[in-house]
Undergrad: 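Take this structure first; my questions come after.
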Amino acid sequence: MGSMATSVEEIGAAVAPQAVERRLGELRATFESGRTRPLSWRQSQLRGLLRLLADKEEEAFRALHDDLGKHRAEAYRDEVGVLTKSANAALREIGKWAAPEKVWVPLVAFPASAQVVPEPLGVVLIFSCWNFPLGLSLEPLIGAIAAGNAVALKPSELAPATARFLEENIGEYLDATAVKVIQGGPAVGEQLMEHRWDKVLFTGCPRVARVVMAAAAKHLTPVALELGGKCPCIFDAVAGRRNLQTSVNRVIFAKWSSCAGQACIAIDYVLVEERFAPTLIKVLKSTLKRFIADSDQMARIVNGRHFQRLSNLLKDPAVAASVLHGGGLDAKNL
């Protein structure tokens, strides 16, 4: 899943450097003690995560609604339910993932044999984002702990209710010496990147990713980036009313069903032959009226600043002249 994440200008409270160093030191000591390596520990953490999702489901729904206005059906479909499936899948496969694999050796090495043994990297830092603040915090966490790593999780300050939910519950259900939540804004992110990590997992925008990548390069830290981008949809033909309606349903679902379109998988634009455009527009308009009759079932724009940015786009004369449907604003409810 994608992201529209924190920008470096956004302000968040800084954590004392000594506190960051202390938590990192605890994580490093836990990993080096060998505590996180056994399969039994990894399995226990995954089961703990599943208990958290089951026991605290209502609290998770409330946090996602407070942060983004997500309906509980959307919150379960895109975040809680997906995480439950991922954690169960990791539990099923973890033995296979961690098993040594025999590899070929040249005849000159006879009678030697060789195998590749998967090893945890060490202490992993996860930067989450605000549009799927629970899912994109815990999804990389599942992979990191399944691989036997210690983890520091930095949730997005733009989803404060979910960040608070994570901080209050992770230590209750997972090993608090091996998994820690560190809250704060860009200043805290910069503090974290001053330290050496064994891997960094970042979900966000390319601009902030460049800052993360540059800081990681100082320590030769490997980085996994999951970034936003362009997402076109192409209509190569419109053959028959039924196929057209099915396609339009999918376009509307892909554009607006997840976080009100605030996702990298949300369609940016549609390419269609000019002769089909009027028909496509007509069906898009009629279907939107049916699908999105109740705005309470949609997520909202994440905050006032982003709402104003989108409002300004709609007020641009070139954009305003091209609006064919919708375009209303509800500043109070974002």
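All residue numbers refer to positions in the sequence shown, counting from 1.
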Undergrad: For a quick test of reading the model, state the closest non-hydrogen atom pair linking Ala161 to Asp67 and the distance between them.
TA: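 Closest heavy-atom pair between Ala161 and Asp67: N-OD1, 2.9 Å.
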Undergrad: For a side chain to side chain contact (heavy atoms under 4.5 Å, CB included) with Leu125, tell me which candidate from His195, Lys199, Met193 qualifies.
TA: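 Testing Leu125 for a side chain to side chain contact (heavy atoms under 4.5 Å, CB included) against His195, Lys199, Met193 leaves exactly one candidate, Met193.
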Undergrad: In sequence, state the C-alpha distance, the side-chain angles, and the governing distance for Leu134 and Leu166, and then conclude on side chain to side chain contact (heavy atoms under 4.5 Å, CB included).
TA: CA-CA 8 Å; Leu134 186 67; Leu166 290 166; 3.7 Å; yes
Undergrad: Would you say the side chain of Val248 lies within less than 4.5 Å of the side chain of Leu280, judging by non-hydrogen atoms?
TA: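 When only atoms from C-beta onward are counted, Val248 and Leu280 do touch, with a gap below 4.5 Å.
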Undergrad: Does a side-chain heavy-atom distance below 4.5 Å link Phe235 with Leu271?
TA: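 Phe235 does not reach Leu271 side chain to side chain.
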Undergrad: What pair of heavy atoms forms the shortest contact from Glu79 to Gly135, and how long is it?
TA: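 What the structure gives for the nearest pair is OE1-N, 2.7 Å.
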Undergrad: Please report, to 0.1 Å, the donor-acceptor pairs under 3.5 Å made by any side chain of residues 169-176, with sequence neighbours excluded.
TA:
residue	atom	partner	partner atom	Å
Asn169	ND2	Phe165	O	2.8
Tyr173	OH	Asp55	OD2	3.0
Asp175	OD1	Thr177	N	2.9
Asp175	OD1	Thr177	OG1	2.6
Asp175	OD2	Arg35	NE	2.4
Asp175	OD2	Arg35	NH2	3.1
Asp175	OD2	Trp41	NE1	3.0

Undergrad: Locate the shortest heavy-atom distance separating Ala152 from Ile182; write the atom from each residue and the value.
TA: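 Distance-wise, the nearest heavy atoms are CB-CD1, 4.3 Å.
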Undergrad: The test is side chain to side chain contact (heavy atoms under 4.5 Å, CB included); show your working for Trp197 and Leu24 and say whether it passes.
TA: CA-CA 9 Å; Trp197 304 89; Leu24 176 54; 3.5 Å; yes
Undergrad: Could you walk me through whether Ile94 and Leu39 satisfy the side chain to side chain contact (heavy atoms under 4.5 Å, CB included) test, starting with their C-alpha distance in whole Å, then the side-chain angles of each, then the deciding distance to 0.1 Å, before giving a yes or no?
TA: CA-CA 8 Å; Ile94 191 169; Leu39 273 183; 3.7 Å; yes
Undergrad: Who are the salt bridge (Lys or Arg N to Asp or Glu O under 4.0 Å) partners of Arg92, not counting sequence neighbours?
TA: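 Scan of Arg92 (salt bridge (Lys or Arg N to Asp or Glu O under 4.0 Å), adjacent residues dropped) gives none.
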Undergrad: Within this structure, what is the CG-CD distance for the pair Leu310 and Gln262, rounded to the nearest 0.5 Å?
TA: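 The CD atom of Gln262 is 7.5 Å from CG of Leu310, to the nearest 0.5 Å.
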Undergrad: Rounded to the nearest 0.5 Å, how far apart are NE2 of His65 and CD of Glu74?
TA: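 Answer for the NE2-CD pair, His65 versus Glu74, is 10.5 Å.
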Undergrad: Residues two or more places apart in sequence or in another chain: which of them pass salt bridge (Lys or Arg N to Asp or Glu O under 4.0 Å) with Arg164?
TA: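 Scan of Arg164 (salt bridge (Lys or Arg N to Asp or Glu O under 4.0 Å), adjacent residues dropped) gives none.
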Undergrad: Would you indicate whether Glu58, at its atom CD, is surrounded by more than 12 heavy atoms from other residues, nucleotides or ligands within a distance under 6.0 Å?
TA: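 Counting neighbours around CD of Glu58, more than 12 heavy atoms of other residues, nucleotides or ligands fall under 6.0 Å, so yes.
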Undergrad: Where is the tightest heavy-atom contact between Pro118 and Ala98, given as atom of each residue plus distance?
TA: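 Smallest interatomic distance, heavy atoms only, reads CD-O, 3.8 Å.
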Undergrad: What are the two closest non-hydrogen atoms of Ser137 and Pro133, and how far apart are they?
TA: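 So the minimum-distance heavy-atom pair works out to OG-O, 2.6 Å.
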Undergrad: With a 4.5 Å cut-off on side-chain heavy atoms, are Arg42 and Thr36 touching?
TA: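 Side chain of Thr36 against side chain of Arg42, heavy atoms only: no contact under 4.5 Å found.
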Undergrad: Working to the nearest 0.5 Å, report the span between CZ of Arg72 and CZ of Arg62.
TA: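 The CZ atom of Arg62 is 9.5 Å from CZ of Arg72, to the nearest 0.5 Å.
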Undergrad: Give a yes or no on this: more than 12 heavy atoms of other residues, nucleotides or ligands lie within 6.0 Å of atom CZ of Arg77.
TA: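 Yes.
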Undergrad: Regarding His306 and Arg309, is there a side-chain donor-to-acceptor distance under 3.5 Å anywhere?
TA: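 Arg309 and His306 do have a side-chain donor-acceptor pair below 3.5 Å.
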Undergrad: Should Asp198 and Asn149 count as side-chain neighbours, where that means a heavy-atom distance under 4.5 Å?
TA: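 No; the side chains remain at least 4.5 Å from each other.
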Undergrad: With a 4.5 Å limit on heavy-atom distance, are the side chains of Glu226 and Cys264 in contact?
TA: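 Yes, at least one pair of side-chain atoms sits under 4.5 Å.
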Undergrad: Show, in sequence, the C-alpha distance, side-chain angles and deciding distance for Trp130 and Leu68, and conclude whether the side chain to side chain contact (heavy atoms under 4.5 Å, CB included) test is met.
TA: CA-CA 9 Å; Trp130 57 258; Leu68 291 153; 3.9 Å; yes
Undergrad: Quick one: do Glu194 and Lys218 make a salt bridge, cutoff under 4.0 Å?
TA: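 Here Glu194 does not pair with Lys218 in a salt bridge, since their nearest N and O are not under 4.0 Å apart.
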